[in-house]
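All figures in this text were calculated on a predicted structure; none of them were measured in a lab. Within every chain, numbering begins at 1; the chains are lettered A, B, ... in the order of the sequence lines, protein sequences first and strands thereafter.
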Protein chains: 2
Amino acid sequence: MRVSREQCAENRQRILDVASKLFREKGFDGIGVADIMKGAGLTHGGFYGHFASKDVLIAQACARAMSGSVSSWAQIVEQRHDDAAAAIVDGYLSTKHRDRPGTGCLFAALGPDVARQGKPIRRVFTEGVRARLEILAGAVAGRSRAARRRKALATMSGLVGAMVLARAVDDPSLSEEILAAAAAEIGGQCSGHTSLDKSGGQG
Amino acid sequence: MRVSREQCAENRQRILDVASKLFREKGFDGIGVADIMKGAGLTHGGFYGHFASKDVLIAQACARAMSGSVSSWAQIVEQRHDDAAAAIVDGYLSTKHRDRPGTGCLFAALGPDVARQGKPIRRVFTEGVRARLEILAGAVAGRSRAARRRKALATMSGLVGAMVLARAVDDPSLSEEILAAAAAEIGGQCSGHTSLDKSGGQG
DNA sequence: ATTATCTATAGATCTATAGATAATGC
DNA sequence: ATTATCTATAGATCTATAGATAATGC
């Protein structure tokens, strides 16, 4: 059967959304085109009408997810411009985010996978770092512009590393201790411990 | 042809070393048993005389690499007990480490991959975090035991995250900026910038 | 008539196994 | 005789393609 032009565009977006979720959950090599299409309610063969290759899908799915998560940081800054940095840190280092990699931070879920990919995909992530860096540099405290940028980079590193470790670790109490320690050290005096009640799954 | 009992044990260790390097470079799903055996100078079929499955190989290869990298941290502490934390941080955040994932930190190279694995493999990494945490907690500054432990966890997070981001990013100058920023913020006043002359590739 | 999707399959790759081979160690 | 390794292959899975199908849009 065939489908309207509008329906076709919707299908395409759904493929991208399903793909970005499954990639984050299982890694680029851990999920196949057939299962992604099944997840979108379509058949395997239809895929190549939408995308030239799996690599193209990876790049586009990551670009879409990246722009969404950058927007979510920007939105936090808009809503809570006084304590935006603490809000971003607490939201990021939540157990909800840890337990939902499929809707969370692309760097924490796919960072090492990306390092093994080709230029187009790495460029998406490079621009994602730049965009988040700019947002975070505007939200952290610091005397000079350079100091705020440096602090923003170190904060991002701390967030990503804490999430990677918290997810890799088997022991729940050690996992929560990692999140809490990172929140305490990064957040400084304003954020005390891991928040479990945040809006959840952003990256 | 057959081989002496001693030679067989050597072959086994070589398989583990080749495997841990290739896993770090290409991910658990990015390299097959056949290529690992080829890298060890053996044939595909011989593998199952040494290991029951690829999963068993993953767990044992990671355990071996983990114990080696924990020893290397312990050695730094022994040699430079006055500024051990700074030495660990600078060595970790070097461009040499960034450019040699195959011999570097398992968490930075395989963290998200591990989160998708079964219990035996995750346990290896959990114990690895504990061992490194203990070493680092003895090397960082802090008033109480709890404060040092918290700082050690946050430091590890910062190291791992900075390496993940520095490797994912395409732009060399942004990549070095990430390493330098993390070193400056983590190291505090003692370590200024990324050291390029360290002993290299430890994790 | 065009085209989005589906069915079927080619070709490559990957884990794991079975049986053969040949050198070690009792 | 035992056993470490090799050859060959089964069975599953994965990317990508070719041709068929059927509903949309000129």
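Side-chain atoms of B/Tyr92 and B/Met156, non-hydrogen and from C-beta on, never get closer than 4.5 Å to each other.
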For this session: Could you walk me through whether B/Thr43 and B/Met37 pass the side-chain contact (heavy atoms from CB on, under 4.5 Å) test, one step at a time?
Result: CA-CA 6 Å; B/Thr43 56; B/Met37 291 299 278; 5.9 Å; no
Quick test: give all pairs of protein nitrogen or oxygen and nucleotides 9-15 of chain C nitrogen or oxygen below 3.5 Å, distance rounded to 0.1 Å.
{"unit_1": "C/dT15", "atom_1": "OP1", "unit_2": "B/Lys54", "atom_2": "NZ", "d": "2.8"}
{"unit_1": "C/dT15", "atom_1": "OP2", "unit_2": "B/Val33", "atom_2": "N", "d": "2.8"}

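Comparing C/dG25, C/dC6, D/dG25 against the side chain of A/Ser4 picks out D/dG25 as the nearest. Residue A/His50 has its side chain nearest to C/dT5 when only C/dT5, D/dG25, C/dG25 are considered.
Between B/Arg130 and A/Asp171 a salt bridge is recorded (basic side-chain N to carboxylate O distance below 4.0 Å). Electrostatic pairing of A/Asp17 and A/Arg64 counts as a salt bridge here, judged by a charged N lying under 4.0 Å from a carboxylate O.
Pairs of Watson-Crick or G-U wobble type, with distances under 3.5 Å, assemble into runs of 3 or more in DNA chain C at these ranges: C:1-24 with D:1-24.
Distance, B/Leu42 CG to D/dC6 C1': 10 Å, rounded to whole Å. Across the protein-nucleic acid pair, B/Glu6 atom CD and D/dA4 atom P stand 14 Å apart, rounded to whole Å. One can place CZ of B/Phe51 at 13 Å from P of D/dA4, the figure rounded to the nearest angstrom. One interatomic measurement links the two molecules: CZ of A/Arg5 to C1' of D/dA23, which rounds to 13 Å at whole-angstrom precision. Per the geometry, CD belonging to B/Gln7 stands 11 Å off C1' belonging to D/dT5, to the nearest Å. Atom P of nucleotide D/dA4 and atom CG of B/Asn11 are separated by 11 Å, given to the nearest angstrom.
No more than 12 heavy atoms of other residues, nucleotides or ligands sit less than 6.0 Å from atom NZ of B/Lys21. Atom CZ of B/Arg5 is surrounded by 12 or fewer heavy atoms from other residues, nucleotides or ligands within 6.0 Å. Enclosure of atom CD in B/Glu25 by more than 12 non-hydrogen atoms of other residues, nucleotides or ligands within 6.0 angstrom is indicated.
Scored by the side chain to side chain donor-acceptor pair (under 3.5 Å) test, A/Arg167 finds no partners at all (sequence neighbours excluded). A/Ala147 is linked by a side chain to side chain contact (heavy atoms under 4.5 Å, CB included) to A/Ser144, A/Arg150, counting only residues two or more places apart in sequence or in another chain.
Mapping B/Asp55 and A/Gly46 onto DNA chain C via the closest heavy atom, the residue that lands nearer the 5' end is A/Gly46.
Atom CD1 in B/Ile88 sits 8.0 Å away from atom OG in B/Ser72 (nearest 0.5 Å).
A heavy-atom distance below 4.0 Å to DNA chain C is reached by none of the residues of residues 12-26 of chain B.
Residue pairs satisfying the ring-ring contact (aromatic ring centres under 6.0 Å, His included) criterion with at least one member in residues 7-40 of chain A, sequence neighbours excluded, are listed as follows: A/Phe23-A/Phe28.
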